[in-house]
Amino acid sequence: MRRIAVINGPNLNLLGTREPYKYGKNTLDEINGRIAAEASRLGAECLFFQSNSEGELVTAIQRADGTGGIILNAGAYTHYSIALRDAIAAISTPAVEVHISNVHAREEFRRVSVIAPVCAGTIAGFGSYGYVLALYALLEMGNNSGER
Ligand code: DQA
């Protein structure tokens with residue numbers, strides 16, 4: 001069974017109450033439940049992790065090496081964490097960068113992603129459905145490159 005790591009960064013544990021007009025009303029548990037259900041329907045399994053700490057996210061990315069892919073919403077670390085970028089670059093597992101909001105339609109500093117160049121692709125602006133889209137993308141990539 002293909003395993004996909006779903007990794008969320010700082011403040012995403014507050015989804016549901018955090019600026020719901022930007023990030024929606026669903027909690028992280030609800031979003032993860034939807035991803036898990038879709039994964040199981042497609043014969044895959046998801047491993048979920050959230051942390052507000054940069055170092056714990058680096059470790060989670062390293063540990064996800066050898067899985068079928070990483071769905072990563074790095075939150076604000078997206079915009080400046082070279083440590084996360086290096087972690088993604090160091091492993092052979094593809095990562096898809098996800099943002100709930102359309103970061104390109106917001107403040108200037110959110111348009112910069114230091115992790116984008118080392119990710120397989122980026123999904124932004126489709127709300128929490130972006131995580132499901134990332135799942136589809138990783139499973140499709142896996143189908144084209146052999147089972148992991
Ligand atoms: C976010 C966008 C980031 O700029 C922000 O810091 C977040 C959430 C998103 O999902 O839209 O924490 O990654």
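This chain uses plain numbering: 1 for the first residue, then up along the sequence. Values below: every heavy atom of this structure, side chains too, minus hydrogens, waters and symmetry copies.
Using a 30° and 60° split on the angle between ring planes, His79 and His99 fall in the parallel class, below 30°.
Looking at every heavy atom in both residues, Leu72 comes nearest to Ile61 through CD2-CD1, 4.2 Å. The minimum heavy-atom distance between Gly16 and Pro20, with the atom names listed, is O-CB, 4.3 Å. Contact between Thr93 and Ala64 at its shortest, heavy atoms only, is OG1-O, 3.6 Å. In plain terms, the two heavy atoms of Glu56 and Ser51 that are nearest each other are OE1-OG, 2.7 Å. In terms of heavy atoms, Val98 sits closest to Ala134 at CG2-CB, 3.6 Å. When all heavy atoms of Ala44 and Leu139 are compared, the closest pair comes out as CB-CD2, 4.0 Å.
A side-chain N or O of Asn143 and one of Arg2 form a donor-acceptor pair less than 3.5 Å apart. Side-chain polar atoms of Tyr131 and Asn73 form a donor-acceptor pair below 3.5 angstrom. Defined by atom type and a distance below 3.5 Å, a donor-acceptor pair is missing between the side-chain atoms of Asn52 and Glu54. Glu97 and Ser113 are linked by a side-chain donor-acceptor pair at a separation below 3.5 angstrom, with hydrogens and angles left out of the test.
Side-chain contact check for Phe49 versus Val6: every heavy-atom pair is 4.5 Å or farther apart. Between Phe126 and Ile123, the closest side-chain pair of non-hydrogen atoms falls below 4.5 Å. Contact annotation: the side chain of Leu15 never approaches that of Asn26 to less than 4.5 Å [non-hydrogen atoms, C-beta and beyond]. Residues Leu42 and Tyr136 meet the side-chain proximity criterion, which asks for heavy atoms closer than 4.5 Å. Within the 4.5 Å cutoff, side-chain heavy atoms of Pro117 are placed close to those of Arg85. In this structure the side chain of Ile70 never reaches within 4.5 angstrom of the side chain of Ile4, judged on heavy atoms. Side-chain atoms of Cys46 and Asn32, non-hydrogen and from C-beta on, never get closer than 4.5 Å to each other. Between Val58 and Ser81 there is no side-chain heavy-atom pair separated by less than 4.5 Å.
Rounding to the nearest 0.5 Å gives a distance of 12.5 Å between OH of Tyr23 and OG1 of Thr17. Separation of atoms CD (Glu45) and OG1 (Thr67) is listed at 11.0 Å; rounding is to 0.5 Å. Rounded to the nearest 0.5 angstrom, Asn8 CG and Ile100 CD1 are separated by 7.0 Å. Atom-to-atom distance recorded for Ile91:CD1 and Gln62:CD is 8.5 Å, nearest 0.5 angstrom. The distance from atom CD1 of Ile35 to atom OG of Ser128, rounded to the nearest 0.5 Å, is 8.0 Å. Atom OG of Ser101 is separated from atom CZ of Arg106 by 4.0 Å, given to the nearest 0.5 angstrom.
Remark: Arg63 CZ is loosely packed, at most 12 non-hydrogen atoms of other residues, nucleotides or ligands lying under 6.0 Å away. Residue Lys25 qualifies as open at atom NZ: its count of foreign heavy atoms under 6.0 Å is 12 or below.
Clustering ILVMFWY residues whenever any of their side-chain heavy atoms sit less than 4.5 angstrom apart, transitively, puts Phe48 in the very cluster that holds Val96. Taking hydrophobic clusters as Ile, Leu, Val, Met, Phe, Trp and Tyr residues chained together by side-chain heavy-atom distances below 4.5 Å, Ile7 does not share a cluster with Val132. Under the 4.5 Å side-chain heavy-atom criterion for Ile, Leu, Val, Met, Phe, Trp and Tyr, Met141 and Leu47 are members of distinct hydrophobic clusters. Hydrophobic clustering places Leu84 together with Ile82 (ILVMFWY residues linked when any side-chain heavy atoms are closer than 4.5 Å, directly or through intermediates). Connection of Leu12 to Val103 is not established within any shared hydrophobic cluster, with ILVMFWY side chains joined at heavy-atom distances below 4.5 Å, either directly or through further cluster members.
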Check: Is there a side-chain contact (heavy atoms from CB on, under 4.5 Å) between Ile88 and Cys119 once you walk through the steps?
Finding: CA-CA 7 Å; Ile88 299 162; Cys119 286; 4.2 Å; yes
Margin query: Quick one, Ile71 with Leu135, criterion side-chain contact (heavy atoms from CB on, under 4.5 Å). Give me CA distance, side-chain angles, the key distance, then yes/no.
Written below: CA-CA 7 Å; Ile71 298 171; Leu135 174 70; 4.0 Å; yes
Next item on the list: Using the side-chain contact (heavy atoms from CB on, under 4.5 Å) rule, take Arg111 and Phe109 through it: C-alpha gap first, then chi angles, then the decisive distance, then the call.
Entry: CA-CA 5 Å; Arg111 291 184 199 160; Phe109 66 85; over 6 Å; no
